[in-house]
A.B. asks: 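I'd like to ask some things about the structure below.
The chains referred to below are lettered A, B, ... by the order of the sequence lines, with proteins before strands, and numbering in each begins at 1. Keep in mind that the numbers below use all heavy atoms, side chains included, and drop hydrogens, waters and symmetry copies.
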2 protein chains.
Amino acid sequence: MKTQKKRSDCPVSFSLEAFGDKWSLLIVRDLMLKKKCTYGELAKSDEKIATNILAARLLSLEENGIIKKLEHPDSKAKVLYQLTQKGMDLIPIIVEINLWAEKYTDIPEKRKELLAQMNADKEGFIKNAFKELESNL
Amino acid sequence: MKTQKKRSDCPVSFSLEAFGDKWSLLIVRDLMLKKKCTYGELAKSDEKIATNILAARLLSLEENGIIKKLEHPDSKAKVLYQLTQKGMDLIPIIVEINLWAEKYTDIPEKRKELLAQMNADKEGFIKNAFKELESNL
DNA sequence: ATATTTACTTGCAAAAAGCAAGTTATTTTA
DNA sequence: TAAAATAACTTGCTTTTTGCAAGTAAATAT
């Protein structure tokens with residue numbers, strides 16, 4: 001686990017040091033909501049992350065204990081990326097970010113069902129997401 | 001309000017474009033939890049943000065409709081920075097970020113009372129924070 | 001055996017962050 | 001009321017990070 005000089009002892013600052021950039025939470029989103037789990041799949045995100053940046057962010061997320069690398073069951077050429085418990089605990093944050101965005105921008109069709117679930121039963125959505133992710137552990 | 005080329009139509013990406021960096025949410029935190037409201041007060045944060053970066057982030061937050069500048073009642077030399085409704089709607093995200101951090105790092109004494117409130121009654125804490133901030137609008 | 005896939009790495013240019021010092025418009029103080 | 005201090009930035013410059021395009025090595029498919 002990475003040890004960096006903390007900017008302050010504020011919990012918000014601590015969190016932002018782990019995932020406060022333009023890419024980390026998108027990777028977490030893909031692992032969480034989009035069931036992507038390999039480098040190649042993550043590289044194909046709509047936001048078109050550069051491969052060197054993806055590699056750097058994956059390393060940083062791993063050093064921060066948010067994701068872990070595993071052997072892929074299908075092939076030795078592949079790597080399986082998974083959220084750790086610490087990573088799964090980001091679900092409530094991702095949910096709130098989605099709900100905030102919903103208030104201030106148009107949500108694409110393909111995402112509306114998920115948003116509807118979050119709105120209808122936030123706690124239930126979070127519990128269910130946990131359950132699904134934990135089945136992979 | 002700023003219009004930038006969106007990286008994608010994902011709501012998480014939209015949100016990160018507005019506040020997905022190492023500083024924006026710290027400024028929001030100060031406006032929200034620490035009752036700071038002037039440039040000088042914001043500049044004195046524990047994280048020691050450089051003044052040019054602070055100016056840049058304040059402009060960006062303003063362009064994104066998250067904060068607004070007002071005349072300071074005490075002096076024409078001062079500027080009053082305030083969260084907009086859109087900015088106040090970030091409270092649930094800040095709360096979840098605090099709760100996540102609490103699980104994975106030590107919380108400083110001065111912050112424990114706030115965390116205790118968030119844990120005891122998350123909804124109540126958020127409602128109360130809204131109420132306090134709205135009294136300034 | 002050769003081509004393809006997968007997960008990266010490398011080199012370089014462009015953008016952003018960070019530091020120190022400077023500027024302008026108020027206010028306060030002597 | 002002139003000088004000093006405060007407040008909110010800005011400027012110039014260096015360092016770090018991002019981003020693009022291309023390249024590499026191991027494993028797999030053809």
A.B. asks: Which is more 5' along DNA chain C, the nucleotide nearest A:Y39 or the one nearest B:T51? Just name the residue.
C.D. replies: A:Y39

A.B. asks: Can you check whether B:Y81 has a side-chain N or O nearer than 4.0 Å to OP1 or OP2 of D:dC9?
C.D. replies: yes

A.B. asks: In whole angstrom, give the distance that lies between atom CD1 of B:I27 and atom C1' of D:dA8.
C.D. replies: 14 Å

A.B. asks: Is B:K48 touching bases, backbone alone, or none of the nucleic acid, heavy atoms closer than 4.0 Å?
C.D. replies: nothing

A.B. asks: How many Å lie between CG on A:L42 and C1' on C:dC8, as a whole number?
C.D. replies: 13 Å

A.B. asks: Using atom CG of B:N52 as one end and atom C1' of C:dT23 as the other, report the distance to the nearest whole Å.
C.D. replies: 15 Å

A.B. asks: Could you give the CD-to-C1' distance, from A:E47 to D:dG19, as a whole number of Å?
C.D. replies: 15 Å

A.B. asks: Can a salt bridge be assigned to the pair A:E17 and A:R7 using a cut-off of 4.0 Å between side-chain N and carboxylate O?
C.D. replies: yes

A.B. asks: Within the 4.0 Å heavy-atom criterion, would you say B:S75 contacts the bases, only the backbone, or no part of the nucleic acid?
C.D. replies: sugar-phosphate

A.B. asks: Restricting to non-hydrogen atoms, name the atom on B:K112 and the atom on B:I107 that form the minimum distance, rounded to 0.1 Å.
C.D. replies: CE-O, 3.2 Å

A.B. asks: What is the distance, to the nearest angstrom, from the CD1 atom on B:I53 to the P atom on D:dT16?
C.D. replies: 14 Å

A.B. asks: Between A:N128 and A:Q117, does any side-chain donor sit less than 3.5 Å from a side-chain acceptor?
C.D. replies: no

A.B. asks: What is the distance, rounded to the nearest whole Å, between atom CG of B:L54 and atom P of C:dC19?
C.D. replies: 14 Å

A.B. asks: Describe the nucleic acid contact of A:K69 in one word from base, sugar-phosphate, nothing, applying a heavy-atom distance below 4.0 Å.
C.D. replies: sugar-phosphate

A.B. asks: Specify the closest pair of heavy atoms between A:F19 and A:L90, including all atoms of both residues, with the distance to one decimal.
C.D. replies: CE2-CD2, 3.5 Å

A.B. asks: Any side-chain N or O of B:K76 below 4.0 angstrom from OP1/OP2 of C:dT28?
C.D. replies: no

A.B. asks: Does a side-chain N or O of A:W23 approach OP1 or OP2 of D:dT18 to a distance below 4.0 Å, or not?
C.D. replies: no

A.B. asks: Nearest whole angstrom, please: distance from the P of D:dT16 to the CZ of A:R7.
C.D. replies: 17 Å

A.B. asks: Hydrophobic clusters here meaning ILVMFWY residues chained together by side-chain heavy-atom distances under 4.5 Å, can you tell me if B:L80 and B:L61 are in one?
C.D. replies: no

A.B. asks: Can you tell me if the side-chain N/O atoms of B:R57 get under 4.0 Å from OP1 or OP2 in C:dA16?
C.D. replies: no

A.B. asks: Nearest whole angstrom, please: distance from the P of C:dA7 to the CG of A:L58.
C.D. replies: 10 Å

